[in-house]
Enquirer: 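Take a look at the following structure, please.
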Amino acid sequence: MFHLSQMDQIFLKSLADVVRTSRTTSQYDKLTFTTQTIADIKNEIQSRQESVRYQALLKLFFLAMEGNNIRWAEFQIINLMGCADFQLKLGAQLAAHLVIDSQSQGLIMVTNVFQKEFKNGHVECSATLSCLGTIANKDLSDSLLTHVLKLTTNTKPLIRKKAIAVLSKIFTINPLNIPGNLEMVIQQLQKESNISVLACGISLFCSVMKVAPKLYPLFLSIVYDQISKQKSNWLLIKLVRISNKLISLEPRFQGKLIEHYTRLLNQTNSKSLQYELVYSIMKYFKNHSQLYESAGDILKQFLNHQDPNLRCLGLECLTHISSSAGLMEFQEQILESFKKSDYFSKLQILQLFKDFTNQQNFQTVIEFFLKYSDLESNHKIIESLIFIIMKDKFINVDDPEKLLLVYIPVIAQKIDTIDNAIRFKELLFELLTRVPGLKVYSDQLCNQILQTYAIQSDTLQGPTLNIVQRHTQLKYSLNHREIIFKSLIMIVGESVKLLKLDALTNIIKFLEQLNILNCYESSLSDIDSLLFKIYIQIIKTDPSNDIIPQIEQLIKNIYNKLHNISIVKISFFYESFILNKTKEQLQQLYNLYAEDLPPINLEAQKLIKPPEGLDITQSFQIDIEEIEKIKNSNNDQLEQKPIIQQLEQADLVSKEQEDQNTQILKQEENEEELKPLNTKTDPIPKKVFTINRDEELPPGVNQNDINQSKEEE
Amino acid sequence: MVLLFILLQNRQGKTRLSKWYVYYDDAEKVKLQNEVHRLIVCRDTKHTNFLEFRNYKIIYKRYAGLFFALCVDVSDNELTMLELIHLYVEVLDKYFGNVCELDIVFNFNKAYSIIDEMIVGGEIIETSKQVIINAVKNIELLD
């Protein structure tokens with residue numbers, strides 16, 4: 001400790017000087033300035049003059065707020081906390097939380113300092129209690145508990161309320177301190193008249209209930225007593241909050257509160273108290289219709305309010321309405337507030353509708369969200385809509401046809417992320433699997449979606465999904481539209497057998513005039529496959545082959561466009577059948593695809609061991625000598641070939657006649673299916689499609705087959 | 001209603017006042033301050049004054065160039081916290097007389113004293129402006 005000379009004192013920097021210098025110093029000189037200031041503070045803090053030490057303490061505090069480490073000053077600060085000068089003491093107590101934590105070695109000294117301070121005047125005691133509330137840890141709270149308990153009976157309300165606030169921290173840190181001490185505090189609070197002290201007491205009860213909820217019976221009477229007579233909004237909010245916890249533990253308490261809640265709800269204008277009451281009523285008082293209705297009216301005001309905070313809180317309350325019928329009542333207000341809400345509130349609303357959409361409001365919800373999606377929330381809206389549609393195997397969907405032809409194209413148009421594109425793909429596959437008959441619309445759906453993509457071709461860029469093909473190691477990237485394009489092409493390919501000749505030719509004409517095929521480089525094999533399937537189907541459905549030349553020309557045009565891309569693979573289909581087609585090849589192709597492929601054989605799923613004598617390591621390059629041997633041995637078979645061919649032709653003719661009959665029957669069935677949809681006179685179309693919500697089976701497999709195989713095993 | 005921390009930051013992200021009621025080490029405190037500032041500064045006036053932050057909630061309000069932010073539990077009443085912020089600003093205004101950021105920069109110890117008269121151990125202990133100012137003036141008399 002030293003005494004500064006008069007000369008030194010003249011040049012002493014005050015807090016204001018340090019602050020000004022800090023603000024005007026450039027970033028590069030800051031380190032020098034800080035180092036110099038800390039060196040000065042280390043000197044000044046040991047001075048005998050209290051004014052000098054006080055200034056040093058404030059400067060230290062300031063440097064800590066600037067982000068400098070002042071933990072080296074821990075002992076000095078603790079020392080100052082116990083000095084005689086109140087100004088120094090206060091400064092040190094304010095700065096204590098910057099240097100003292102639960103691992104500090106100086107905490108032992110702090111105990112003694114605090115014990116001394118609690119015996120001083122009420123102002124010093126109050127400052128000490130504030131400091132203790134910030135730095136309290138287990139050891140400190142255990143050693144000072146008795147002193148703090150004594151202070152709860154102080155004559156000054158300032159000391160009593162701070163002591164109770166510190167007690168709530170002590171009980172939270174070490175719940176073993178609660179038994180025996182809590183009852184004493186409750187007895188004092190029952191006689192208390194000061195609102196601030198009572199409010200601190202209620203906070204103490206909340207803290208105790210977090211760590212020891214079984215002690216709730218101790219609080220019931222005092223909480224009920226206060227809730228029936230208090231008028232301070234701050235205290236009432238705390239009382240309502242603790243009542244929520246008490247109701248969850250003691251449901252009979254709910255009945256006692258109805259009258260008071262009704263009174264408070266009708267009388268108060270405070271939005272924070274109204275919110276607390278409405279929240280509580282929505283959660284716990286659903287069976288009390290009158291109170292629930294009053295709360296509902298206030299909730300509607302919140303949802304319609306101009307203040308976004310109140311709208312957000314209104315939505316928060318709605319999460320406690322567990323039934324969709326309850327939510328329907330507020331649907332209009334919620335949708336109105338969606339238009340004005342920020343991103344987070346929109347997410348809240350979307351979550352609400354994810355949980356509570358049903359068949360009755362499904363169309364309203366879908367149409368609204370598709371209309372009011374914006375750039376920021378679009379991906380979340382689409383994600384939520386897909387979730388709502390697919391929820392519980394399309395339980396909300398009563399008109400799958402409208403969903404497919406009206407809503408799904410709009411959703412496809414709005415998708416701008418890969419995740420949503422993948423979800424959309426799953427939605428399409430799931431819908432078309434579960435609703436038999438919808439596949440007849442696959443060509444319309446494909447046309448609609450791809451037409452909009454063609455118009456919006458500038459927006460083809462976006463995030464991409466990078467894929468590496470396993471067998472070729474080719475790397476390519478798909479954007480969200482290409483993912484949807486691939487799925488549409490696949491669906492049309494699968495539905496080709498259900499489509500009429502006109503629809504098939506329209507698809508090819510559409511693909512021929514579509515200018516965006518060149519953008520989907522990675523989907524060339526899918527396009528190839530689709531064209532092949534359509535071509536085969538046209539051959540089957542057009543026995544006179546009238547339109548085949550036209551179709552072949554259109555396909556050639558498509559491939560010519562695709563061949564302009566340098567990385568395109570040469571299509572076997574195009575080379576073999578379109579360019580170098582022979583009649584025999586066509587006939588072979590027709591024969592190959594004349595019948596449906598058989599379903600998957602369950603037995604084939606088992607492991608097949610390689611045959612004995614087969615050396616897997618040996619190369620199986622074709623040996624010409626072996627081929628000649630096989631040829632010679634097959635001469636007999638070759639002689640009998642024409643006879644076999646004649647027999648086969650006779651079979652073919654009879655089969656053709658049968659096929660024609662079945663085709664006619666199919667066409668008639670399709671027409672009947674489409675009739676109700678094609679007639680425009682009926683304003684309320686009858687339900688044509690039913691959704692299969694049974695367990696999923698692989699295509700072509702019957703439940704009976706599975707049961708049989710299980711029995712055999 | 002337990003507060004975890006209080007932050008007063010300007011638009012540049014400089015913290016003018018920070019009070020921590022839960023233990024965080026120094027590095028964590030700096031990280032929290034940066035994160036909170038980043039979340040708050042880009043929000044529009046159309047946005048709500050509360051947002052989710054880790055497992056808690058930040059309630060903030062902007063007064064001129066200063067952001068007052070409180071971190072509370074998810075279940076706490078947001079409107080009460082907004083009221084608390086407003087009460088604190090009113091007390092500062094009454095105490096300093098037309099308060100501005102510089103008053104808090106040069107008299108941060110007074111600002112901390114006022115907070116200590118309103119909040120102890122993370123709990124709100126006083127909501128009357130007059131009582132708070134009287135308590136602060138009593139402290140000044142002993143200085």
Side-chain angles (χ1 to χ4, degrees), chain A residues 15-16 19 23 58 61-62 65 67 69 71 86-87 90-91 94 97 101-102 121-124 126-127 129-134 136-137 158 161-162 164-166 168-169 196 199-200 203-204 206-207 232 234 237-238 241 270-272 275-276 279 308-313 340 342-345, chain B residues 1-2 14-21 23-26 29-30 33 43-52 59 75-84 87 102 105-110 112-113 115-117 119-128 131 134-135 138-143:
Chain A
L15 170 67
V19 172
R23 284 162 64 83
L58 288 181
F61 201 161
F62 175 75
M65 279 169 50
N69 184 9
R71 290 205 181 255
F86 176 72
Q87 199 181 41
L90 183 67
L94 289 173
H97 73 281
D101 57 39
S102 50
H122 70 275
V123 178
E124 286 141 318
S126 148
L129 280 168
S130 299
C131 182
L132 178 58
T134 315
N137 71 343
L158 173 68
K161 71 185 178 193
K162 285 198 177 184
I164 291 174
V166 171
S168 75
K169 186 146 186 180
S196 309
C200 292
S203 302
L204 171 72
C206 287
S207 308
S232 160
W234 287 92
I237 289 167
K238 289 192 179 187
R241 287 178 65 78
S270 158
K271 290 285 180 233
S272 41
Y275 166 67
E276 206 63 55
Y279 186 94
N309 295 324
L310 294 178
R311 287 202 302 272
C312 177
L313 293 175
K340 308 171 211 168
D342 67 338
Y343 178 69
F344 292 105
S345 302
Chain B
M1 284 174 270
V2 179
K14 201 105 166 79
T15 304
R16 293 301 181 202
L17 201 145
S18 64
K19 188 86 181 183
W20 307 87
Y21 296 103
Y23 172 68
Y24 293 107
D25 61 36
D26 294 337
K29 282 182 187 175
V30 171
Q33 285 170 36
R43 284 173 76 84
D44 201 44
T45 46
K46 290 180 215 167
H47 291 145
T48 56
N49 286 92
F50 6 100
L51 53 124
E52 287 187 7
I59 292 127
S75 57
D76 280 341
N77 188 326
E78 293 90 337
L79 293 176
T80 315
M81 292 299 140
L82 277 176
E83 280 295 321
L84 181 69
L87 176 68
L102 279 177
V105 171
F106 284 97
N107 300 291
F108 56 84
N109 50 328
K110 307 280 186 207
Y112 276 109
S113 293
I115 286 185
D116 279 350
E117 295 306 317
I119 302 164
V120 168
E123 294 285 352
I124 304 169
I125 57 161
E126 187 54 63
T127 53
S128 163
V131 171
N134 287 345
N138 286 339
I139 290 171
E140 273 185 357
L141 286 172
L142 282 186
D143 277 352

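Lettering of chains follows the sequences in order, A, B, ..., and the numbering in each one begins at 1.
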Enquirer: Taking the side chain as everything from C-beta on, heavy atoms only, tell me whether Glu78(B) gets closer than 4.5 Å to Leu313(A).
Expert: yes
Enquirer: Lys238(A) and Ile124(B): which non-hydrogen atoms are nearest, and at how many Å?
Expert: NZ-O, 3.2 Å
Enquirer: Measure Ile59(B) against the heavy atoms of chain A and call it side chain, backbone, both or neither at under 4.5 Å.
Expert: neither
Enquirer: Return the minimal non-hydrogen interatomic distance between Leu129(A) and Val120(B), and the atom names on each side.
Expert: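 Closest pair (atom of Leu129(A), atom of Val120(B), distance): O-CG1, 4.2 Å.
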Enquirer: Give the ring-plane orientation class for Phe61(A) versus Phe108(B), where under 30° counts as parallel, over 60° as perpendicular and anything between as tilted.
Expert: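 Because their plane-to-plane angle is over 60°, the rings of Phe61(A) and Phe108(B) count as perpendicular.
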Enquirer: Check each atom of Ser207(A) against the heavy atoms of chain B and say whether the ones under 4.5 Å are side chain, backbone, both or neither.
Expert: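 Just its side chain gets close to chain B.
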Enquirer: Could you check which of Ser128(B), Gly121(B), Ala135(B) has the highest count of heavy-atom pairs closer than 4.5 Å to chain A?
Expert: Gly121(B)
Enquirer: For a quick test of reading the model, state the closest non-hydrogen atom pair linking Ser75(B) to Arg241(A) and the distance between them.
Expert: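 In terms of heavy atoms, the two residues are closest at O-NH1, 2.9 Å.
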Enquirer: Between Arg71(A) and chain B, which part of the residue has a heavy atom less than 4.5 Å away: side chain, backbone, both or neither?
Expert: side chain
Enquirer: Is the closest side-chain heavy-atom distance between Leu79(B) and Leu310(A) below 4.5 Å?
Expert: yes
Enquirer: Inspect the contact between Lys162(A) and Glu117(B) and indicate whether a charged nitrogen and a carboxylate oxygen are less than 4.0 angstrom apart.
Expert: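 Salt bridge: yes.
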Enquirer: Measure Asn137(A) against the heavy atoms of chain B and call it side chain, backbone, both or neither at under 4.5 Å.
Expert: neither
Enquirer: So which atom in Phe50(B) and which in Cys312(A) form the shortest heavy-atom distance, rounded to 0.1 Å?
Expert: CE1-SG, 4.1 Å
Enquirer: Using only atom types and a distance under 3.5 Å, with no angle test, would you say the side chain of Asp116(B) pairs donor to acceptor with the backbone of Leu94(A)?
Expert: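 Not at all, since once roles are kept as given, no pair shorter than 3.5 Å links the two residues.
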Enquirer: Which heavy atom of Tyr112(B) sits nearest a heavy atom of His97(A), and at what distance?
Expert: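 The answer is CE2-CE1, 4.2 Å.
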Enquirer: Against chain B, label Ser126(A) side chain, backbone, both or neither, depending on which of its atoms sit under 4.5 Å from a heavy atom there.
Expert: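 When you check distances to chain B, only side chain atoms of Ser126(A) fall under 4.5 Å.
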